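Because only heavy atoms are used, hydrogens play no part in the values below, and waters and symmetry mates are left out as well, while side chains stay in. In this text the structure is predicted, and so the values were computed from the model without any measurement. Letters A, B, ... mirror the listed sequences (proteins, then strands); counts begin at 1.
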Amino acid sequence: MSEPMLRLEGVRTDIAQYHILHGVDLDVPQGQVTMLLGRNGAGKTTTLRTVMGLWKPRAGRIMLAGRNIAGQDPAAIAQAGVALVPENMGIFANLTVEENMILAAVSGPIDPARLDWLFTVFPPLKTFWKNPAGNLSGGQKQMLATARAMVEERRLYLIDEPSKGLAPAIVSTLARALRDLKAKGATILMVEQNFKLARALGDQAAVMDDGRIVWAGPMATLAGDAGLQERLMGLSMEGHA
Amino acid sequence: MTAAPDHTPILQRPSIRVRMEPWLPVLLVPVLVLLGFVSIANPSSWLTLTVSGLAMGMMIFVIASGMTLVFGLMDVINFGHGAFISFGAFVGVSVLIALSALTGAPSLMLNLLALLAAVIAAMAVTGAIGWGFERVIVRPVYGAHLKQILVTMGGLIVAEQMIHVIWGPKEIFIARPEMLKGSITLFGATLEKYRLVAVGFGALVFIAMRLVLRRTKIGLIVRAGVENREMVQALGYRIRRVFVGVFIAGSALAGLGGIMWALYQELITAHMGNEIMILVFIVVIIGGLGSVEGAFIGALLVGLLQNYVAYLEPKAALISNIGLMVAILMWRPQGMSPVIKV
Ligand SMILES: Nc1ncnc2c1ncn2[C@@H]1O[C@H](COP(=O)(O)OP(=O)(O)OP(=O)(O)O)[C@@H](O)[C@H]1O
Ligand SMILES: [Mg+2]
């Protein structure tokens, strides 16, 4: 396998005086979807935010396509090709859907073909194009947050729990969009609590607990081993799958 | 999970009520004008006061617009904003005095040319001072409100003393350019020409700002940054640079407001900026911190109320504006056009 798109080596992050990440080692292979799993408070969001530069790691290396981006500011990391769909979505409520998208297209006007694709996968964006994003429903906001990250091709997409609090119909819309993105060869690191979705989209899986990666391997291995799931996440997904 | 069921998401438009709500505050301006008409009961005085109130409101808006953006974008309370008003006034007035050959000529063209030179000089100097002010005074105290208040107040005192050193401790009288002196009569009301010009000019500044904020990418970045700085950075924009730019622009606008105010009063003092700042703070607060539209409406309300009440009950003018602030905050604690923050 070629060099991973993203490699974390011994990443430690503190928030205020708390040690949150205790040395995270993680590979995100190019062109694949890596699912970051783990119980609440395990440090998944902190890991994504550290990669994005929103938290500065105290130690460790974060290699993006072979270059260490640890400690750079978020704007520089974004320009290096990383897009984030944050846990709280981070949409600009006072701006229209259109303005949100224009801002996300950092390198120039939005490519019309790309926009057409986004309208196909997220129809409400077209419907509410000129409306303030703050008026969107929760699911529509999540679509906008995801579309914003997808508006230009990026080296790495960081997506934090897109299915959180959404109705099944919206989750399947999102799943389809992400599958489309993956089909375009995108590299994705995604946090997902919904194991059904994680398993449907993920090629690789990494399980976190207490600020460390405690297991990493192919998603198929994890999905096929109920005992492993239970041991790692305290979950038995078989009944739900 | 296999083939997802093909549910189309529900496409429901927000109700009219939700969509109209942001526009409610705009209605306050005609309501106040109407109230003024009823309580003043003298149409020509009312018209004079309305124009004068609008002129004052426009000037306050020009000053407040930069302040509200600085606060919204970087959460910086700048008590030194008044210094830029005073500096703008002194620099602009110096230019006008130096160009008295142009201002004294009975030619609108030459008068406007002199005014333009004064405005450019005032804005350039206050913009430059703003740049230094941000670097030296504001930058070390990001995120610390109490320090910001103390340090920017210190900056204000230093600036006022510098004006005393450069221009002397006395107030300076300034005559308006020849063609802007006097007044016109409309429906029996006496309307000072300069006030009409100030209203038009202030409206132009508002329209220009709106265009920049709505139609340009940098404007979008500023509006988005007021809401969620972190996300703007995560999209790849260096918010610090944007902020320095906004600080400079805000300082230059305060300088512009200063020269406008100087010609309104025909008199300038080192502490004039600080005196206006009371009204500016009221406007920024009732408008909603970070909202240029809110500041615009708030400034018109404050200017009009100030003039109407000064006519009806002179002693109550400032109190009335504080009353307005209390009333609006009781209605909308975040100000009239709150910027949703994350
Ligand atoms: N801003 C913060 N200040 C202090 N502690 C924080 C902050 N953000 C996160 N933490 C702590 O860091 C730990 C990891 O949080 P994180 O948000 O990364 O978990 P997570 O795995 O994303 O959880 P969830 O599944 O609930 O989203 C938690 O113990 C949390 O309390
Ligand atoms: Mg999380």
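- Among A/L84, A/L201, A/I102, the residue making the largest number of heavy-atom pairs under 4.5 Å with chain B is A/I102.
- In this structure, chain B has a heavy atom under 4.5 Å from the side chain of A/R49, while its backbone stays farther away.
- Under a cutoff of 6.0 Å and an axis angle of 45°, B/R139 and B/F243 do not form a cation-pi pair.
- Both the backbone and the side chain of A/A104 come within contact range of chain B, with heavy atoms under 4.5 Å apart.
- No more than 12 heavy atoms of other residues, nucleotides or ligands sit less than 6.0 Å from atom NZ of B/K147.
- Partner A/L26 forms a side chain to side chain contact (heavy atoms under 4.5 Å, CB included) with one of A/L8, A/I62, A/V51, A/V11 and no other, that one being A/L8.
- Comparing A/A78, A/A80, A/G139 by heavy-atom pairs within less than 4.5 Å of chain B, the highest count is held by A/A78.
- In this structure, a donor-acceptor pair under 3.5 Å is absent between the side chains of A/T46 and A/T13.
- Only the side chain of A/D73 comes within contact range of chain B, judged by heavy atoms closer than 4.5 Å.
- No part of A/A149 comes within reach of chain B, as not one of its non-hydrogen atoms sits under 4.5 angstrom from that chain.
- Relative orientation of the B/F79 and B/F281 rings is tilted, given thresholds of 30° and 60° on the angle between their planes.
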